[in-house]
Amino acid sequence: MFEQAGFSTVMVTNMPYWSEKMGVPRTMGVEFPYGHMLGMPGDREMQMTVILAALSLLAEAQEPGTIRELDLEWPQPFDEAKKDWQPLEPSPVVKMMIEQRQAAAEQARGQG
Amino acid sequence: MPVDSFKYLPGSIAGYYRNLAVPKADPIPWTPLRKPLSETRFALVTTAGIYVEGADPGFDQEGERRNPMWGDPTFRRIPRDVRAEQIGASHLHLNNRDLQADLNIVLPVHRFAELEAEGTIGSLAPTAYSFMGYQMDNREWREKYAPEVAGLMRDEAVDAMLLTPA
């Protein structure tokens with residue numbers, strides 16, 4: 001949308017899978033938890049590393065659909081990071097899915 | 001080492017995503033960068049659902065609670081000189097603690113001001129933009145709000161954008 005409007009764009013995402021599937025002009029993939037695409041809070045150096053990589057991609061990419069990946073490890077232990085990004089209470093759609101699953105399980109028990 | 005796009009997702013959601021069919025843009029839209037970075041004017045865009053407290057309302061969380069398949073497609077403007085304590089966050093799919101502690105992890109206004117000062121980029125536009133990333137149906141976003149944002153960026157002579165989804 002923005003590219004068609006005449007802007008050059010670069011996206012930093014932890015889901016380069018989607019970029020490949022949907023056709024995003026320029027993608028810098030990072031293996032970071034959701035809501036943290038540019039790095040750890042308070043870590044200026046890490047944020048700059050990600051941003052400069054994205055800017056280099058923007059300047060150098062020659063064809064639409066270019067995907068690069070940044071080989072930078074998230075500094076937090078995996079289990080902690082996987083839990084930390086998630087909301088304290090489930091989002092409305094996840095809550096709905098949990099309730100539907102419980103209702104289906106109860107119905108199955110009733111029939112069994 | 002290739003990036004694992006599903007690493008941080010709960011298993012049930014990862015399975016849903018893997019099976020989701022999405023149309024691929026054909027051709028993939030493309031605007032070549034016309035200037036060196038040192039002359040390029042940037043706008044920052046995030047979908048972290050942030051807003052300036054006191055200036056704008058948050059995104060419509062009640063509407064999403066009433067209809068969990070709907071997400072607020074509107075946008076908020078964030079001035080580049082915003083202070084961290086002014087940032088409100090209304091994304092129901094994230095823990096917003098870290099981005100409220102340091103806005104730069106989703107909207108790097110301070111990092112880009114530094115890049116502007118040292119001459120790495122031409123400039124950072126006065127205004128950044130925030131959407132809320134949970135959009136199951138992006139028609140209204142695509143037809144109404146994204147074109148509005150494009151118009152506002154044109155008014156500020158923006159050349160290029162850094163996008164940080166959330």
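So that the names make sense, note that chain A is the first sequence line, chain B the second, and so on, each numbered from 1. Both backbone and side-chain heavy atoms feed into the values below; hydrogens, waters and symmetry mates do not.
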For chain A, which residues of residues 42-51 of chain B have at least one non-hydrogen atom nearer than 4.5 Å to it? B:Phe42
Using a heavy-atom distance cut-off of less than 4.5 Å, which residues of residues 95-106 of chain A contact chain B? A:Met96, A:Arg101
Interchain contact, A:Met46 with chain B, by part (heavy-atom threshold 4.5 Å): neither
Mind telling me whether A:Phe2 and B:Phe131 have parallel, tilted or perpendicular rings, with 30° and 60° as the class edges? tilted
Separation between OG1 of B:Thr120 and CG of A:Leu52, rounded to the nearest 0.5 Å: 6.5 Å
A:Glu20 versus chain B, heavy atoms under 4.5 Å apart: side chain, backbone, both or neither? both
Measuring from atom CZ of A:Phe7 to atom CE of A:Met1, what distance do you get when rounded to the nearest 0.5 angstrom? 8.0 Å
Exactly one of A:Trp85, A:Phe78, A:Phe32 clears ring pair (Phe, Tyr, Trp, His ring centres under 6.0 Å) with B:Tyr8, and that residue is A:Phe78
Can you tell me how far apart CG (B:Asp56) and CD (B:Gln86) are? Round to the nearest 0.5 Å. 11.0 Å
B:Asp159/B:Lys35 ion pair, N-O < 4.0 Å: yes
Heavy-atom closest contact (B:Met132 atom, B:Gln135 atom, distance): O-NE2, 2.9 Å
Would you mind reporting whether B:Glu114 and A:Arg44 have side-chain heavy atoms less than 4.5 Å apart? yes
Are side-chain heavy atoms of A:Leu72 and A:Val50 found at a separation under 4.5 Å? yes
Tell me, out of B:Ala25, B:Ala101, B:Pro165, B:Pro108, who's got the most heavy-atom pairs with chain A below 4.5 Å. B:Pro165
Most contact-rich option vs chain A, by heavy-atom pairs under 4.5 angstrom, among B:Pro27, B:Ala21, B:Pro32, is B:Pro32
Is B:Glu143 salt-bridged to B:Arg139, going by a charged N under 4.0 Å from an acidic O? yes
Quick one: CE on A:Met15 to NZ on A:Lys21, what's the gap to the nearest 0.5 Å? 11.0 Å
In terms of heavy-atom pairs under 4.5 Å with chain B, the winner among A:Glu89, A:Met48, A:Gln4 is A:Met48
How many angstroms lie between NE2 in B:His91 and CD in B:Glu64, if you round to the nearest 0.5 Å? 8.5 Å
Restricting to side chain to side chain donor-acceptor pair (under 3.5 Å), what partner residues turn up for A:Glu73, sequence neighbours left out? none
Chain A heavy atoms under 4.5 Å from B:Met136: which part of the residue, side chain, backbone, both or neither? neither
Minimum side-chain heavy-atom gap A:Thr9-B:Met161 below 4.5 Å: yes
Among A:Ala5, A:Pro25, A:Gly29, which residue has the highest count of heavy-atom pairs closer than 4.5 Å to chain B? A:Pro25
B:Trp70 versus chain A, heavy atoms under 4.5 Å apart: side chain, backbone, both or neither? neither
Does any heavy atom of chain A fall under 4.5 Å from the side chain of B:Leu94, the backbone, both, or neither of them? both
Rounded to the nearest 0.5 Å, what separates atom CZ in B:Arg80 from atom CG in B:Leu107? 12.0 Å
Check whether more than 12 heavy atoms from other residues, nucleotides or ligands sit under 6.0 Å from atom CD of B:Glu118, and answer yes or no. yes
Heavy-atom pairs under 4.5 Å with chain A, option from B:Thr31, B:Leu103, B:Ile121, B:Asp102 with the top count: B:Thr31
Residue part contacting chain A, namely of B:Phe112, when any heavy atom lies under 4.5 Å: side chain
If I measure from the heavy atoms of chain B, does A:Ala59 come under 4.5 Å with its side chain, its backbone, both, or neither? both
Examine whether an atom of A:Val24 lies under 4.5 Å from a heavy atom of chain B, and if so say whether it belongs to the side chain, the backbone or both; otherwise answer neither. backbone
Using a cut-off of under 4.5 Å for heavy-atom pairs, which of A:Met28, A:Gln47, A:Lys83, A:Met40 has the most such pairs with chain B? A:Gln47
Please determine, among A:Ala54, A:Ser56, A:Ala81, A:Pro90, the option with the most heavy-atom pairs under 4.5 Å with chain B. A:Ala81
Would you mind telling me which of A:Ala61, A:Gly39, A:Pro33, A:Pro16 has the largest number of heavy-atom pairs within less than 4.5 Å of chain B? A:Pro33
Just checking, B:Arg76 and B:Tyr129: is the charged tip under 6.0 Å from the six-membered ring centre and within 45° of the axis? no
Please look at A:Ile51 and chain B and tell me whether the side chain, the backbone, both or neither of the residue comes under 4.5 angstrom of a heavy atom of that chain. side chain
Proximity breakdown for B:Arg142 and chain A, heavy-atom pairs closer than 4.5 Å: backbone
Sort and list the pairs that fulfil salt bridge (Lys or Arg N to Asp or Glu O under 4.0 Å) and have at least one residue in residues 3-18 of chain A, not counting sequence neighbours. A:Glu3-A:Arg26
Choice from A:Gly42, A:Gly6, A:Gly65 maximising heavy atom contacts with chain B below 4.5 Å: A:Gly6
Cationic N near anionic O, under 4.0 Å, A:Asp84 to B:Arg97: yes
